[in-house]
Amino acid sequence: MKKLNLTDSRMNVSKGVPIVAIGASSGGLGAMMELIRNINPDTGMGFLYLQYPGGEQTDEIIARLQEVATMKVEQARDQLQILPNSIYVIPGEQEIQITDGMLSLIRPTTRKNDRLPIDRFFTVLARTWKAGIIGILLSGEELDGAGGLKAIKIAGGITFAQDETAAFDEMPKSAMTAGVVDLVLSPVQIGRELNKMAGQVDAFAEMQIGSNVVSDTDEHLLSIIQLLRRATGIDFTHYKISTIKRRIIRRMLLYKLHDLKGYYEYLKRHANEITVLYHDLLINVTCFFRDGDSMEYLRKSVLPQILKGKSSDEQVRIWVPACSTGEEAYSLAILITELQEESGTKIPIQIFGTDLSEIAISKARSGVYSPADLTDIADTRISKFFVRTENNNFRVHKRIRDLCIFAQHNVFKDPPFSRLDLVS
């Protein structure tokens with residue numbers, strides 16, 4: 001297999017250069033200046049910086065960064081084509097949209113979007129920018145950014161959080177606790193790490209164009225899958241191969257490895273990396289009430305029909321395979337609870353949520369979620385079905401948790417659940 005030096009592939013990437021997305025809040029500007037001071041001017045990356053909220057105005061932030069930057073620093077604007085080796089400051093009162101590879105600025109349409117601006121910033125980039133993302137979370141007091149870093153990681157990007165040097169560590173610590181940070185470093189170290197990654201910018205492009213340079217039958221790719229099977233007991237042969245390749249290349253970028261053979265040898269020498277890769281492969285995209293049209297159809301048509309066919313002593317049994325961290329199962333539990341309240345019925349409900357990942361199941365059982373996880377839930381539902389915890393997270397109300405049973409389960413080997421009314 002040839003090295004991932006993808007000069008030929010770069011022209012196929014239509015959405016722009018590799019992006020370093022940096023979010024900060026209180027105490028973040030000093031950290032950003034330290035980071036920029038340690039970045040070479042020719043990394044080939046474009047830098048987007050969002051500081052929110054803060055006392056400094058956008059022009060003040062730009063002036064401060066220009067004092068230490070060896071790259072061009074300017075305010076982001078509508079219809080911006082991001083250029084390499086440039087720093088763009090996003091006004092804190094605005095958020096971004098991306099259309100046809102061009103970045104636009106808009107004012108938030110709702111308070112809910114405005115409530116977690118860094119999450120929104122990272123998530124939009126992860127979903128729509130197709131040339132690789134590095135997400136960095138610096139100092140801040142708010143519980144913002146963890147959900148956005150997760151979106152970047154799922155998309156195949158690399159994630160950083162500031163270490164104990166943060167003036168306010170609530171924001172980076174929240175992301176670390178959520179398990180969505182690859183590297184925890186000081187701003188100086190992050191800058192130096194970005195310089196090292198600069199020689200691999202084409203590999204970011206490779207992750208986004210389907211990993212075509214790596215053959216599906218590459219001997220070292222198959223050897224890595226076999227290594228995972230021996231170490232974890234899980235056979236990834238039937239897993240989506242493009243996802244496997246993207247996640248492997250993501251790990252290679254972290255270790256500055258240029259070919260699969262090198263990564264395979266690294267895995268053989270470092271057993272812990274096998275575990276990390278395994279959990280990387282199992283990261284799932286999920287959220288509460290995901291796919292609004294489907295949820296509305298369930299609420300209006302499917303669930304009422306199921307309830308109508310049951311007597312008060314008959315149990316409704318629902319199975320959510322690949323439930324990840326439980327959001328879908330709890331969403332169904334909330335919907336069916338609302339329907340029973342409206343109709344005055346009291347039919348017993350049992351929802352089984354299963355997943356291959358023990359870590360995901362553990363979070364599902366706890367029923368504890370960050371404010372970012374609840375962004376798309378109506379405030380009325382949050383107040384009715386969630387309870388705020390001491391550390392400003394939210395726990396699903398006990399009456400909803402009691403409807404759900406979560407268990408680790410492998411659909412390829414373990415028997416399915418029986419006597420089901422719905423498989424979601």
Side-chain angles (χ1 to χ4, degrees), residues 19-33 35-36 46-58 61-62 65 75-76 82 87-98 103-129 133-155 157-163 166-185 187 190 287 369-376 391-394:
I19 292 297
V20 179
I22 306 165
S25 180
S26 306
L29 182 56
M32 178 62 176
M33 293 174 67
L35 192 159
I36 292 300
F47 298 82
L48 290 175
Y49 179 60
L50 174 64
Q51 179 177 314
Y52 183 94
E56 298 90 351
Q57 298 297 315
T58 302
I61 294 173
I62 292 173
L65 295 181
Q75 179 175 323
I82 297 176
I87 302 169
Y88 303 93
V89 178
I90 299 173
E93 72 280 3
Q94 293 183 302
E95 62 182 42
I96 64 170
Q97 281 186 339
I98 297 175
L103 185 147
S104 301
L105 299 180
I106 61 170
R107 289 194 174 275
T109 55
T110 67
R111 287 296 300 170
K112 192 168 286 290
N113 280 343
D114 192 42
R115 195 165 62 194
L116 297 168
I118 297 173
D119 270 325
R120 176 69 176 167
F121 168 49
F122 287 162
T123 300
V124 168
L125 284 170
R127 290 176 179 171
T128 56
W129 196 269
I133 304 288
I134 296 173
I136 301 174
L137 200 57
L138 299 177
S139 173
E141 293 180 273
E142 294 73 24
L143 296 178
D144 190 5
L149 284 189
K150 180 180 179 180
I152 288 174
K153 193 168 182 177
I154 288 171
I158 308 296
T159 58
F160 292 82
Q162 186 175 357
D163 62 8
F168 299 90
D169 64 1
E170 289 90 340
M171 201 155 69
K173 269 192 174 180
S174 174
M176 294 176 220
T177 302
V180 297
V181 179
D182 291 312
L183 297 170
V184 180
L185 301 170
I190 293 173
C287 63
Y369 300 91
S370 71
D373 295 324
L374 274 58
T375 300
D376 295 323
N391 57 354
N392 289 320
N393 287 321
F394 292 85

Roughly how far apart are [X] [atom1] and [Y] [atom2], rounded to 0.5 Å?
X	Y	atom1	atom2	value
Leu125	Ile152	CG	CD1	6.5 Å
Ile136	Leu35	CD1	CG	5.0 Å
Leu149	Leu137	CG	CG	5.0 Å
Phe160	Leu185	CZ	CG	6.5 Å
Gln51	Ile118	CD	CD1	9.0 Å
Lys150	Asp119	NZ	CG	11.5 Å

| said: Under a 3.5 Å threshold, yes or no: a donor from one side chain and an acceptor from the other, between Ser25 and Glu142? | reply: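 Present: a donor and an acceptor within the cut-off.
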| query | Just checking, is any N or O donor in the side chain of Ser26 or Glu141 under 3.5 Å from an acceptor N or O on the other one? | reply |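 A pair is found: one side chain offers a donor N or O, the other an acceptor, under 3.5 Å apart.
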Work out which heavy atom in [X] is nearest to a heavy atom in [Y]; give both atom names and the distance.
X	Y	answer
Phe121	Ala21	CZ-CB, 3.9 Å
Pro91	Ala76	CD-O, 4.3 Å
Ala31	Gln162	CB-OE1, 3.5 Å
Ser139	Ala167	OG-N, 3.6 Å
Leu50	Pro117	CD2-O, 3.7 Å
Gly148	Thr123	CA-OG1, 3.6 Å

Taking the side chain as every heavy atom from C-beta outward, state whether [X] and [Y] have any atom pair closer than 4.5 Å.
X	Y	answer
Ile96	Leu105	yes
Met32	Ile22	yes
Ile90	Thr58	no
Tyr52	Asp144	no

| query | Is there a donor-acceptor pair under 3.5 Å between the side chain of Thr159 and the backbone N or O of Val180? | reply |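 Looks like yes, one N/O pair under 3.5 Å.
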| said: Checking the side chain of Ser174 only, and the main-chain atoms of Glu170 only, is there a donor and an acceptor separated by less than 3.5 Å? | reply: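 Checked: no pair found.
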| message | Does Leu65 form a side chain to side chain contact (heavy atoms under 4.5 Å, CB included) with Tyr49? I'd like the steps, not just the answer. | response | CA-CA 10 Å; Leu65 295 181; Tyr49 179 60; 4.3 Å; yes
